[in-house]
**Student:** 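The structure is given below, and queries will be raised subsequently.
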Amino acid sequence: IGYKPSDKFKKVAHDIPMLSLANAFSKENIEDFLKKIKNFLNIKDSEKIVFSAEPKIDGISASLKYIDGIFTLGLSRGDGKVGEDITPQIMTLHEIPHRLSESLTCNIRGEVFMKISTFEQFGDEFVNPRNAAAGSLKQKDHRITRDRKLSFFAYDIRPWQGLDTEEEEMELIQRLGLPAVPTETAKAEMLEKIYERWVKERENLDYEIDGLVIKESSKEKQEDMGSTAHHPRWAMAWKFPAEQGSSKIISIGWQVGRTGTVTPVANLEPVPIAGATIKRSTLHNVEELERL
Ligand code: IVH
């Protein structure tokens with residue numbers, strides 16, 4: 001979920017809309033996606049399709065505009081058409097160069113995130129690294145953003161600069177001086193193994209990921225397939241199962257909502273889940289609570 005533009009920041013239209021990704025929650029969803037690609041491109045043998053596979057970074061998306069190689073504008077996603085001008089905040093990220101190694105005019109897109117190790121340095125200040133990144137980018141005083149030591153991974157450059165594949169795109173991003181999201185090329189039958197590898201690898205990373213992004217690698221085929229109003233047809237996010245944990249209920253209290261609804265809330269023995277320490281949880285409704 002992106003965050004809605006607030007009144008605090010100037011709103012600026014994106015040169016090219018920032019789309020979302022279609023989600024897959026199962027192997028079947030991925031098989032459907034592969035079938036659709038085959039049909040769309042009229043390819044019989046899925047061996048002929050080359051994919052790129054990369055982790056889905058659980059952060060906040062941002063678009064960086066460079067004119068003749070100079071960083072000129074940083075925008076949040078906003079509603080995808082209009083973003084918020086967060087140029088001073090973006091400029092504090094030390095991984096984002098103010099000048100590219102080549103004097104290109106382009107938009108580079110990627111994910112702003114807080115490393116788990118940085119998040120831990122802040123103790124109890126934030127709920128999870130993603131919230132920390134979102135809150136830090138929304139600081140009007142960019143000196144606060146700077147002190148939060150945010151990181152960045154780029155995954156997209158527009159226009160495509162005559163590139164043929166996703167791999168070349170990531171190479172260009174790195175050559176220009178930005179950190180690129182780790183990517184690899186794969187045939188269809190390899191995707192499941194790669195997914196499982198990242199599910200395991202997730203535990204050892206210093207950043208949070210919530211899925212595997214699979215993209216048709218050829219830029220030409222991407223153009224042929226195009227996009228819906230919401231997402232490109234040539235890409236899919238294969239989401240990881242939600243992280244779970246178990247704990248003990250210490251006590252149950254009541255929470256009164258803005259509209260007067262009363263919800264039971266459990267106070268729990270603290271349990272770490274997905275980078276956050278969970279101490280409280282709503283308990284659905286009274287009927288369900290009584291049943292249990
Ligand atoms: S590609 C037009 N690759 O996930 C292509 N997105 O749920 C769109 N995201 O808004 C994005 N890691 O901010 C792409 N490796 C990755 C990504 C990635 C994280 C975010 C992105 C997008 C959201 C969709």
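As the structure lists them, so they are numbered: ligands from 1, and atoms in each ligand from 1.
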**Student:** Between Trp234 and ligand 1, is there a nitrogen or oxygen pair with a distance under 3.5 Å?
**Tutor:**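 No, there is no polar N/O contact under 3.5 Å.
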
**Student:** Could you see which bit of Val213 sits under 4.0 Å from ligand 1, with heavy atoms only: side chain, backbone, both or neither?
**Tutor:** side chain

**Student:** Say whether, by atom type as modelled, one donor and one acceptor occur between the side chain of Glu54 and the main chain of Leu212 under 3.5 angstrom.
**Tutor:**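 Looks like no, no N/O pair under 3.5 Å.
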
**Student:** Pick, from Leu19, Leu21, Asp210, the option with the minimum heavy-atom distance to atom 10 (O) of ligand 1.
**Tutor:**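 The residue whose heavy atom sits nearest atom 10 (O) of ligand 1 is Leu19.
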
**Student:** Regarding ligand 1, does Arg77 bring an N or O atom to under 3.5 Å of one of the ligand's N or O atoms?
**Tutor:**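 No, no N or O pair falls under 3.5 Å.
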
**Student:** Please state whether Ser20 comes within less than 4.0 angstrom of ligand 1, counting heavy atoms only.
**Tutor:** yes

**Student:** Considering only the protein, which heavy-atom contact is closest to atom 17 (C) of ligand 1, and what is its distance?
**Tutor:**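 Of the protein heavy atoms, Tyr155 CD2, 3.6 Å lies nearest.
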
**Student:** For ligand 1, which atoms have a heavy atom of Glu54 less than 4.0 angstrom away?
**Tutor:**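 Counting from 1, the qualifying ligand atoms are 3 (N), 15 (N), 16 (C).
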
**Student:** Does Gln222 reach the main-chain N or O of Glu216 with its side chain, forming a donor-acceptor pair under 3.5 Å?
**Tutor:** yes

**Student:** Considering only non-hydrogen protein atoms, determine which one is nearest to atom 12 (N) of ligand 1 and report residue, atom name and distance to 0.1 Å.
**Tutor:** Ile57 N, 3.0 Å

**Student:** Keeping the roles fixed (side chain from Ser52, backbone from Glu184), state whether a donor-acceptor pair exists under 3.5 Å.
**Tutor:**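 Side chain of Ser52 to backbone of Glu184: no pair is present.
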
**Student:** To check your reading of the model: name the closest protein heavy atom to atom 9 (N) of ligand 1, its residue, and the distance in Å.
**Tutor:** Glu111 OE1, 3.7 Å

**Student:** For Ser136, does its backbone N or O pair with a side-chain atom of Thr145 as donor and acceptor, under 3.5 Å?
**Tutor:**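 Indeed, once roles are kept as given, a pair shorter than 3.5 Å links the two residues.
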
**Student:** Distance to 0.1 Å, residue and atom name: give those for the protein heavy atom nearest to atom 5 (C) of ligand 1.
**Tutor:**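 So the nearest neighbour among protein heavy atoms is Pro232 CG, 4.0 Å.
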
**Student:** Check whether Glu168 reaches the backbone of Asp164 with its side chain - one donor and one acceptor, N or O, closer than 3.5 Å.
**Tutor:**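 At least one qualifying donor-acceptor pair exists.
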
**Student:** Using a 4.0 Å cut-off to any heavy atom of Lys215, which atoms of ligand 1 qualify?
**Tutor:**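 Listed by number with element, the hits are 1 (S), 3 (N), 14 (C).
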
**Student:** Among Ile214, Ile49, Leu191, whose side-chain contact (heavy atoms from CB on, under 4.5 Å) with Leu34 holds?
**Tutor:**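 Checked Ile214, Ile49, Leu191 against Leu34; only one passes side-chain contact (heavy atoms from CB on, under 4.5 Å): Leu191.
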
**Student:** Please confirm whether the backbone N or O of Gln139 pairs with a side-chain atom of Gln89, one donor and one acceptor, at under 3.5 Å?
**Tutor:**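 It does hold such a pair.
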
**Student:** Is Ile252 linked to Leu268 within one hydrophobic cluster, defined over Ile, Leu, Val, Met, Phe, Trp and Tyr using a side-chain heavy-atom separation of less than 4.5 Å?
**Tutor:**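 Linked within one cluster.
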
**Student:** Give me the one residue out of Asp15, Asn107, Thr105 that meets side chain to side chain donor-acceptor pair (under 3.5 Å) with Lys65.
**Tutor:**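 Only one option passes, and that is Asp15.
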
**Student:** So, is Val181 polar-close to ligand 1, with some N/O to N/O distance under 3.5 Å?
**Tutor:** no

**Student:** Where does Pro55 meet ligand 1, judged by heavy-atom distances below 4.0 Å: at the side chain, the backbone, both, or neither?
**Tutor:**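 Looking at Pro55 and ligand 1, just backbone atoms fall under 4.0 Å.
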
